[in-house]
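See below for the structure under consideration.
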Amino acid sequence: MLESGVSYIPEDRQEDGIVERFSLADNLVLDVYNREPYASGISLHLDAIRESAARHMDEYDIRATSIDTTVGTLSGGNQQKVIVARELGREVRLLVANQPTRGLDVGSIEFVHHRIVAARDQGSAVLICSTELDEIYALADRIIVMYEGGSPVSGRQPSRSRRSGS
């Protein structure tokens, strides 16, 4: 999926988005640590990893004392900025964002929204799954409602066995 340009912002940042015990720099290359310019063969290019992390820290306004800061010690908003920086810091053809601003403060929400819109404006397709109506109205060009595995618009209904719990 990475090679085809798909980026993913998960609903649960601590469970699926970051490795809390890893540094900021390590989290920013989680999905590309084994590729140029960050590695060749089994050798990591630590200078390239550090330079990229410093650039992302500045560009995405990640507030940490250094790129060596353990990501688990950052605020939720800064953890989310790490994920957004990693996922949007490369060429993106499709961004899938699942509850991208859940649990964030107003400033962090605005920042994440701005970055999602910027990705769209640069030509990326964006799919946002959100329960926040204000977020949907602010970001969406088209809206579809999903309920119990189906869409009232498409007429697709879930099977009876799913509704009855069997």
Side-chain angles (χ1 to χ4, degrees), residues 1-35 37-39 44 48-50 52-120 122 124-136 138-140 142-151 158 162:
M1 285 181 31
L2 264 176
E3 289 174 7
S4 37
V6 177
S7 288
Y8 175 62
I9 299 173
E11 176 180 10
D12 187 335
R13 68 181 150 267
Q14 283 142 349
E15 185 69 27
D16 300 316
I18 60 170
V19 179
E20 292 184 63
R21 296 177 292 124
F22 282 16
S23 71
L24 173 63
D26 290 339
N27 269 277
L28 286 168
V29 295
L30 278 177
D31 52 359
V32 292
Y33 71 92
N34 59 343
R35 299 180 183 166
Y38 309 114
L44 289 176
I49 292 171
R50 296 179 69 73
S52 175
R55 188 176 61 254
H56 281 100
M57 190 173 162
D58 182 52
E59 182 180 343
Y60 287 83
D61 192 31
I62 300 168
R63 301 202 179 156
T65 54
S66 80
I67 60 171
D68 297 316
T69 300
T70 305
V71 170
T73 64
L74 299 177
S75 69
N78 281 300
Q79 289 176 355
Q80 192 72 350
K81 287 178 184 180
V82 169
I83 296 166
V84 170
R86 181 183 64 232
E87 296 302 314
L88 295 179
R90 56 186 159 79
E91 187 175 330
V92 177
R93 295 183 69 209
L94 169 64
L95 169 65
V96 179
N98 189 2
Q99 308 294 342
T101 59
R102 179 173 280 163
L104 300 183
D105 61 56
V106 173
S108 296
I109 290 171
E110 187 176 308
F111 180 86
V112 170
H113 284 178
H114 174 74
R115 288 300 179 156
I116 290 171
V117 169
R120 180 207 61 199
Q122 291 172 357
S124 299
V126 178
L127 173 64
I128 298 172
C129 300
S130 180
T131 57
E132 300 296 325
L133 284 178
D134 291 340
E135 180 167 68
I136 293 168
L139 299 176
R142 294 186 182 112
I143 299 171
I144 187 166
V145 175
M146 296 182 289
Y147 178 72
E148 289 187 358
S151 169
R162 289 186 71 185

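All residue numbers refer to positions in the sequence shown, counting from 1. What you are looking at is a predicted structure, and each value in this text was computed from that prediction instead of being measured.
Looking at residues two or more places apart in sequence or on another chain, you find a side chain to side chain donor-acceptor pair (under 3.5 Å) between T65 and T69. Taking the side chain to side chain donor-acceptor pair (under 3.5 Å) definition, one finds that E87 meets it with R90, sequence neighbours left out. Applying the salt bridge (Lys or Arg N to Asp or Glu O under 4.0 Å) test to E91 and every residue at least two apart in sequence or in another chain returns nothing. Looking at residues two or more places apart in sequence or on another chain, you find a side-chain contact (heavy atoms from CB on, under 4.5 Å) between S124 and V92, A119. The side chain to side chain donor-acceptor pair (under 3.5 Å) test applied to Q14 returns Q79, not counting sequence neighbours. For A118, there are no side-chain contact (heavy atoms from CB on, under 4.5 Å) partners at least two apart in sequence or on another chain. The side-chain contact (heavy atoms from CB on, under 4.5 Å) check on N78 picks up I62, R63, L74, S75, K81, with sequence neighbours excluded. Every residue meeting the side chain to side chain donor-acceptor pair (under 3.5 Å) condition with S52, not counting sequence neighbours, appears here in chain and number order: Y38, H56. With sequence neighbours left out, the side-chain contact (heavy atoms from CB on, under 4.5 Å) criterion links H113 to T101, I109, E135, L139.
Nearest heavy atoms, G107 versus D105: N-OD1, 3.0 Å. Contact detail for L24 and A64: the closest heavy-atom pair is CD2-CB, 4.3 Å. Between G77 and S108, the closest heavy-atom pair is CA-OG, 3.6 Å.
By the 6.0 Å contact criterion, CZ on F22 is open, its count of non-hydrogen atoms from other residues, nucleotides or ligands being 12 or less. The environment of R120 atom CZ is dense: over 12 non-hydrogen atoms of other residues, nucleotides or ligands sit within 6.0 angstrom.
Rounding to the nearest 0.5 Å gives a distance of 9.5 Å between CG of L30 and CD1 of I18. One distance of note links CD1 of I9 with CG of L127; it measures 11.5 Å at 0.5 Å rounding.
Pairs passing the salt bridge (Lys or Arg N to Asp or Glu O under 4.0 Å) check and including a residue from residues 106-115, sequence neighbours excluded, read E59-R115. Within the structure, salt bridge (Lys or Arg N to Asp or Glu O under 4.0 Å) pairs that include any residue of residues 6-16 comprise E11-R102 (at least two apart or interchain).
Judged by distance alone, with hydrogens and angles left aside, the side-chain atoms of T70 form no donor-acceptor pair with the main-chain N or O of G72 at under 3.5 Å. Although no hydrogens or angles enter the test, the distance criterion places no donor-acceptor pair under 3.5 Å between the side chain of N27 and the main chain of I83.
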*Checking side chain to side chain contact (heavy atoms under 4.5 Å, CB included) for the pair I136/I128: CA distance, chi angles, key distance, verdict?*
CA-CA 8 Å; I136 293 168; I128 298 172; 5.8 Å; no
Only pairs under 3.5 Å count here: list side-chain donor-acceptor contacts from residues 93-100, not counting sequence neighbours, and write none if there are none.
from: Q99; atom 1: OE1; to: T131; atom 2: N; distance (Å): 3.3

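Within the 4.5 Å cutoff, the side chain of D68 has heavy atoms near those of the R50 side chain. A heavy-atom distance below 4.5 Å is found between the side chains of L104 and V112. Inter-residue side-chain proximity for L88 and Y60 is flagged as met; some heavy-atom pair is nearer than 4.5 Å.
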